[in-house]
> 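I'd like to ask you about the structure that follows.
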2 protein chains.
Amino acid sequence: MAGNLSTPGASVASRVFALLGAFDAEHRALSLTALAERAGLPLATAHRLAGELVGLGGLERRGDRYVVGRRVWDLGLLAPVQAELRQVAAPFLHDLYAATHATVHLAERAGAEVLYLDRLSGRATVPVVSRVGGRLPLHTTGVGKVLLAHAPDDVQRAVLAALPRVTPYTITQPGRLCEQLRRVHREGFAQTVEEMSLGACSVAVPVRGPDGEVVAALGLVVPDLRRGRARLVTALQVAAAGIGRSLPAESSSPGELPLSESSR
Amino acid sequence: MAGNLSTPGASVASRVFALLGAFDAEHRALSLTALAERAGLPLATAHRLAGELVGLGGLERRGDRYVVGRRVWDLGLLAPVQAELRQVAAPFLHDLYAATHATVHLAERAGAEVLYLDRLSGRATVPVVSRVGGRLPLHTTGVGKVLLAHAPDDVQRAVLAALPRVTPYTITQPGRLCEQLRRVHREGFAQTVEEMSLGACSVAVPVRGPDGEVVAALGLVVPDLRRGRARLVTALQVAAAGIGRSLPAESSSPGELPLSESSR
DNA sequence: CCGATCCTCCCACTGAGCGGAATCGCCACA
DNA sequence: TGTGGCGATTCCGCTCAGTGGGAGGATCGG
């Protein structure tokens, strides 16, 4: 927390990540000045470091803008975030899409947010705000509710303590959400109705690994849930079961998902 | 700058990337010792730096192994490698898969290699060695031949100068390959027959941006090409045209930066 | 022409980073 | 229970890589 990166005491590594972290979905290309500012580094320092990163492939220069380099993309693909799960799940997402033509989501919980691992949408039918690699609140999305329902107590408490409103239909009362989470356990699926974005509803089910642990959630986004919900849930459950069965004995027993992993 | 990373003179940034670069598709999890060795760093240095990177999210620790961190995955998704192209192409790859049930590839040229941007394969039908983010030789793959045929002269020369054999059917004679490249221009598609892996054939077509430039290649891998090749080529061409048409007026051509908002 | 904005380069100071060496913890084998 | 090997961790004093203020250039626009 805290320390200004430009004050002595900051490591070079942290500066490197500050530079890379200056980029986000809305800022994929930055001028040197913008880069320095967003990274909280003095211009000269940013300039030198950025130059070095370009040499290493961590950044790329396009005209007078910097963008994240291909090397980072390469490396990111090696991250275990997706290594097994995405690979295994891909064909099933596919089948789901073929069967429903809805937007298909594969997500896991990252701290107190949903992290979208994969998304599959044909031509956009419904407004969908998710993005692969993107994060959204747990309480406003179908996959989020599923993951929240199966999250450790401390995470549930933390999330329930603050339920920001996103649309007029967002559930902001802890009691109501709590009841819904219980229902997720009881019925095996979660749903949302315009709680994240108007005109979009979703259903989702848990994906369980070989040992019964909930490792991810699988969801669909549709314009309307009133008819055909049962069909969608069934399709989801079939796919989720298939994914779970295809997952190897999984290695990641050692603890992860601490609630407070984010550095800022 | 080729020096040993452990000798004074190496920058911290280069050491950071040396650590990250120690991972590859076959080494997704490394012990500290292995990490240090592969990165070419003294153990103590690797230990300290790795610890720092874990704190920054660049690495993750699982038991006594290190893996690439989620943060890197996040950042990688911001790289322009795929930003536009993959997004736009996804539904078309999809359609192709639905129509052919073959493994579908989207690739671009990275130097003297094919870089696979996306891959879509149902349950494996044919042995396929590609991997998203992976690289393969230009002369042994369908997409590679397409990209090579449309590559600048110097790249062609460099590739033709050394054609390593991969299977007994790999084309290693510059003359024959050259002839094939001419045919790619003439006929608008390329093919391979067990030149990369036995039992796998492929066809591929170029994807052209709005300005006619070849920005990528689209390919299919099938067990046999003797019958139905025309159908596959047609499907590919339809999809490639669709992708090209959907691409915005920008391109991922090097050194040019178009697009995008500005910071202010 | 001049001022504003952004990029690039320089260079002397200094504390962050380095890494050899010692230590710890674990396991296998005797 | 001892012993030896292997890997992870910690320590600490030296030093050179990194820092960043500031000067200088390149554009742009009025």
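What's counted below: heavy atoms across the whole structure, side chains too, no hydrogens, waters or symmetry copies. Within every chain, numbering begins at 1; the chains are lettered A, B, ... in the order of the sequence lines, protein sequences first and strands thereafter.
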> Nearest to the side chain of A:Ser31 - C:dC7, C:dG20, D:dT19?
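The listed nucleotide nearest to A:Ser31's side chain is C:dC7.
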> Please list, chain by chain and in numerical order, all residues satisfying side chain to side chain contact (heavy atoms under 4.5 Å, CB included) with B:Leu43, sequence neighbours excluded.
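Partners of B:Leu43 by the side chain to side chain contact (heavy atoms under 4.5 Å, CB included) criterion, ordered by chain and then number, come out as B:Leu32, B:Thr33, B:Ala36.
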> Check whether any side-chain N or O of A:Thr45 sits under 4.0 Å from OP1 or OP2 of D:dT19, and answer yes or no.
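No, A:Thr45 has no side-chain N/O under 4.0 Å of OP1/OP2 on D:dT19.
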> How long is the line joining CG of B:Leu19 and P of C:dC18, in whole Å?
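Computing the B:Leu19:CG to C:dC18:P distance gives 10 Å.
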> What is the distance, to the nearest angstrom, from the CG atom on A:Leu43 to the P atom on D:dG24?
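Checked: the CG to P distance equals 17 Å.
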> Quick one: is B:His47 getting a side-chain N or O under 4.0 Å of the D:dT9 phosphate, OP1 or OP2?
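Yes, such a contact exists.
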> Please give the angle, rounded to 10 degrees, between the axes at the start and the end of the helix from C:dC1-D:dG30 to C:dA30-D:dT1, where five pairs define each axis.
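Roughly 40°, once rounded to the nearest ten degrees.
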> Atom OH of B:Tyr66 to atom P of D:dG7: distance rounded to whole Å?
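In whole Å, D:dG7 P lies 15 Å from B:Tyr66 OH.
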> So which nucleotide from C:dG19, D:dA8, C:dG17 ends up closest to the side chain of B:Arg61?
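Nearest nucleotide to the side chain: D:dA8.
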> Sequence neighbours left out, what pairs pass salt bridge (Lys or Arg N to Asp or Glu O under 4.0 Å) with at least one residue falling in residues 43-56 of chain A?
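Sorted pair list comes back empty.
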> Which residue pairs satisfy the side-chain hydrogen bond (donor to acceptor under 3.5 Å, both in side chains) criterion with at least one member in residues 129-139 of chain B, sequence neighbours excluded?
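Every side-chain hydrogen bond (donor to acceptor under 3.5 Å, both in side chains) pair that includes a residue of residues 129-139 of chain B, provided the two are not neighbours, is A:Asp74-B:Arg135, B:His105-B:Ser130.
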> Measure from CG on B:Leu49 to C1' on D:dT10 and round the result to the nearest Å.
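In whole Å, D:dT10 C1' lies 16 Å from B:Leu49 CG.
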> Choosing from D:dT9, D:dG21, D:dG18, which nucleotide comes nearest the side chain of B:Val12?
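For B:Val12, the side-chain atoms sit closest to D:dG18.
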> Tell me if a side-chain donor or acceptor on B:Arg109 pairs with a main-chain N or O of B:Ala216 at a distance below 3.5 Å.
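No; zero donor-acceptor contacts below 3.5 Å.
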> Under the side chain to side chain contact (heavy atoms under 4.5 Å, CB included) test, which residues partner B:Val159, sequence neighbours left out?
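Per chain and number, B:Val159 pairs via side chain to side chain contact (heavy atoms under 4.5 Å, CB included) with B:Ala112, B:Leu138, B:Leu148, B:Val155, B:Leu163.
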> Look at the side chain of A:Ala44 and decide which nucleotide, out of C:dC18, C:dC9, D:dT9, has an atom nearest to it.
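So the nucleotide nearest the side chain must be C:dC9.
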> Name the pairs: protein N/O against N/O of nucleotides 25-27 of chain D, kept only if under 3.5 Å.
none

> Kindly say if B:Arg48 contacts the phosphate of C:dA16, meaning a side-chain N or O under 4.0 Å from OP1 or OP2.
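Result: no.
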> Keeping the roles fixed (side chain from A:Arg38, backbone from A:Ala22), state whether a donor-acceptor pair exists under 3.5 Å.
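Yes, A:Arg38 side chain to A:Ala22 backbone: donor-acceptor pair under 3.5 Å.
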> Looking at A:Gly242, is its backbone amide N or carbonyl O close enough to the side chain of A:Ser246 to form a donor-acceptor pair, meaning the two atoms are under 3.5 Å apart?
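The answer is yes, because a donor-acceptor pair under 3.5 Å joins these two groups.
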> On the nucleotide C:dC6, are OP1 or OP2 found under 4.0 Å from the side-chain N or O atoms that A:Thr33 carries?
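Negative; the distance criterion is not met.
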> Distance check needed: D:dC6 P versus B:Glu37 CD, whole Å only.
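Between P of D:dC6 and CD of B:Glu37: 13 Å.
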> Between the main-chain N or O of A:Ala34 and the side-chain N or O of A:Ser31, is there a donor-acceptor pair closer than 3.5 Å?
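Indeed, once roles are kept as given, a pair shorter than 3.5 Å links the two residues.
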> How close or far is atom P of C:dC7 from atom CG of A:Leu30, stated in whole angstroms?
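Distance check: A:Leu30 CG to C:dC7 P gives 11 Å.
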> Short question: side chain of A:Arg70, backbone of A:Val72 - any donor-acceptor pair under 3.5 Å?
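No: the side chain of A:Arg70 does not pair with the backbone of A:Val72.
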> Do B:Leu85 and B:Leu106 pass the side-chain contact (heavy atoms from CB on, under 4.5 Å) test, and can you show the C-alpha distance, the side-chain angles, and the key distance before you say yes or no?
CA-CA 9 Å; B:Leu85 188 55; B:Leu106 177 70; 4.2 Å; yes
> Between atom CG in A:Asp64 and atom P in C:dT5, what is the gap in whole Å?
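Atom CG in A:Asp64 sits about 17 Å away from atom P in C:dT5.
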> Rounded to whole Å, please give me the gap between CG in A:Leu53 and C1' in D:dG18.
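It works out to 14 Å between those atoms.
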